[in-house]
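Working notes for the structure below.
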Amino acid sequence: MSSSRVLVIGAGASGLSVLHAFSEAAKGGHSVPNIVCYERQSVLFGLWNYTWRTATDENGLPVHGSQYKYLWSNGPKECLEYPDYTFKQHFGRNTHSFPPRDALRSYLEAKLVNETVAGWIKTNVYVRDVRFLPDLGKFQVTSLYLSNKIEVVEQFDYVVVATGHFSTPNVPEFEGISSFQGSVIHSHNFRDARPYAGKRVLVVGSGYSGEDIAMQTMKFGGKCATVSYRTKAPKRNWPQGIDERPLPAKIQGNMVHFKDGTSAEYDDIILCTGYLHDFPYLERDLHLEATNNVYPPLYKGVVWSRNPKLMYMGMQDQYYSYTMFYVQGIFIKDVILGSILLPNENEMLNDVDKWLKLLAEGRNEKDFIKIQADYVDDLAKDVHLDYNFNVAAQFNEWEEDREHSISGFRDKGFISNFTNEVAPNANTPWWKAFDDSLEAF
């Protein structure tokens with residue numbers, strides 16, 4: 001096994017989880033493959049990096065991250081807590097349930113990055129092309145070292161795709177949008193709500209980012225905001241100044257005409273219309289075709305059935321995140337080390353179909369939460385983890401809190417499965433909290 005070569009593409013939360021699983025195996029005395037992780041950015045942690053840049057980075061490549069200032073977690077930390085490294089262990093005390101960005105990154109770094117993991121990572125390396133060579137049973141990978149522009153062609157026995165699916169914006173077209181007189185951006189390029197003070201903002205999209213960005217603009221002094229929905233009105237208990245309308249039917253200058261026959265003028269439009277699963281470096285036969293839902297068409301949520309030497313990390317629409325990556329990373333490690341033997345392709349596809357059938361039968365958030373909770377439990381059993389990962393109850397409570405108060409749901413505390421303690425309520429209500437620093441947390 002030590003002669004095998006494994007490439008992990010991406011050193012965000014999911015890629016680091018794979019590396020950490022292998023480092024724990026090595027610590028336990030197991031022989032591990034020759035592992036390398038290529039990260040295009042100059043720093044680790046993927047989407048958890050804030051950058052002022054939009055559109056292109058310092059190398060002329062598409063900006064990966066979409067973090068913005070004054071960003072707090074929109075889900076309870078108890079739902080992404082590592083079983084063997086709790087938030088209480090990390091911070092030395094019981095902290096409230098919705099940390100700001102820097103606190104979550106700090107926790108992630110302390111858990112996943114050790115000397116072994118760091119030694120496997122090469123930053124500023126852009127993976128340009130991945131193709132499978134059937135005669136050799138290996139992947140040919142072409143990469144560009146961005147610091148010196150040297151291109152390298154290598155072969156690997158396994159490839160793990162861990163570049164995520166929240167970096168290529170889905171940008172729809174609306175009739176007349178080119179006539180709009182204000183700014184039009186995708187939420188991927190949203191960095192700060194303060195420039196929207198005094199502005200009338202149309203937020204297209206009623207998902208989590210649409211909700212949060214609409215409230216951010218009002219929290220920092222916006223005049224008003226409209227959340228525009230595609231299919232079903234969210235019917236949130238919005239703060240004063242925010243309303244809901246269906247999608248635009250036509251835009252004429254600053255006047256937006258909606259599908260329900262109403263019209264209003266706006267100064268700015270922010271498209272919170274989601275992202276595409278996009279892997280331009282993969283040849284077509286290796287490319288995952290998926291929409292954003294809680295179970296992708298992959299065996300055990302990670303294995304490419306047509307070529308099980310290719311695995312994908314974190315391709316789900318995520319209720320679970322860190323803990324799901326934690327279990328997925330161990331599963332991938334066990335497959336590569338041979339302690340988990342994969343079934344044949346037909347059996348893998350039948351297993352995928354079983355989960356996709358459950359997905360198709362899902363009708364509401366509770367159903368989708370249960371599907372992902374059951375998936376994580378199922379995977380945890382496969383890798384012989386005896387922790388209680390099931391936080392469906394916390395997620396359902398969180399959804400009810402959001403229904404009750406979309407601006408106040410972050411203010412209460414949730415119970416941890418691993419400490420059995422309830423987090424304290426926030427000292428400062430989120431609506432009045434403007435210091436998102438790690439020190440303030």
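Along the sequence shown, residues are numbered consecutively beginning with 1. Please read these numbers as outputs of a predicted model, since none were measured by experiment. Keep in mind that the numbers below use all heavy atoms, side chains included, and drop hydrogens, waters and symmetry copies.
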| field | Contacts of Ala103 that satisfy side-chain contact (heavy atoms from CB on, under 4.5 Å) - sequence neighbours left out | value |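 Applying side-chain contact (heavy atoms from CB on, under 4.5 Å) to Ala103 gives Phe91, Pro99, Pro100, Leu438, Phe441.
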
| query | Got a sec, which residues hit side-chain contact (heavy atoms from CB on, under 4.5 Å) with Gln41, two or more places apart in sequence or on another chain? | reply | Glu39, Asn49, His64

| message | If you count heavy atoms of other groups shown closer than 6.0 angstrom to CG of Asn344, is the number above 12? | response |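 Yes.
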
Compute the centroid of each ring, for [X] and then for [Y], and state whether the two points are separated by less than 6.0 Å.
X: His165; Y: Phe279; value: no
X: Phe368; Y: Tyr319; value: no
X: Phe325; Y: Tyr320; value: no
X: Tyr85; Y: His90; value: yes

| field | Summary of ring pair (Phe, Tyr, Trp, His ring centres under 6.0 Å) pairs that have at least one residue in residues 202-225, sequence neighbours excluded | value | Tyr70-Phe220, Tyr208-Trp398, Phe220-Phe434

Are [X] and [Y] within salt-bridge range, i.e. N to O under 4.0 Å?
X: Asp157; Y: Arg5; answer: no
X: Arg236; Y: Glu403; answer: yes
X: Glu421; Y: Lys88; answer: yes
X: Asp285; Y: Arg131; answer: no
X: Lys232; Y: Glu244; answer: no
X: Asp378; Y: Lys381; answer: no
X: Lys69; Y: Asp436; answer: no

| Within 45° of the six-membered ring axis of Phe331 and under 6.0 Å from that ring's centre, is NZ or CZ of Lys333 located there? |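 That pair does not qualify as a cation-pi contact.
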
| query | Residues in ring-ring contact (aromatic ring centres under 6.0 Å, His included) with Phe139, at least two apart? | reply | Phe132

| said: Tell me every residue that passes ring-ring contact (aromatic ring centres under 6.0 Å, His included) with Tyr38, counting only those two or more places apart in sequence or in another chain. | reply: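 None.
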
| task | Would you please name every residue forming a salt bridge (charged side-chain N to carboxylate O under 4.0 Å, His left out) with Glu400, sequence neighbours left out? | result |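 By the salt bridge (charged side-chain N to carboxylate O under 4.0 Å, His left out) rule, Glu400 matches no residue at all.
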
| Should the pair Phe389 and Tyr326 be assigned to parallel (<30°), tilted (30 to 60°) or perpendicular (>60°) ring geometry? |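 Tilted: the ring planes of Phe389 and Tyr326 meet at 30° to 60°.
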
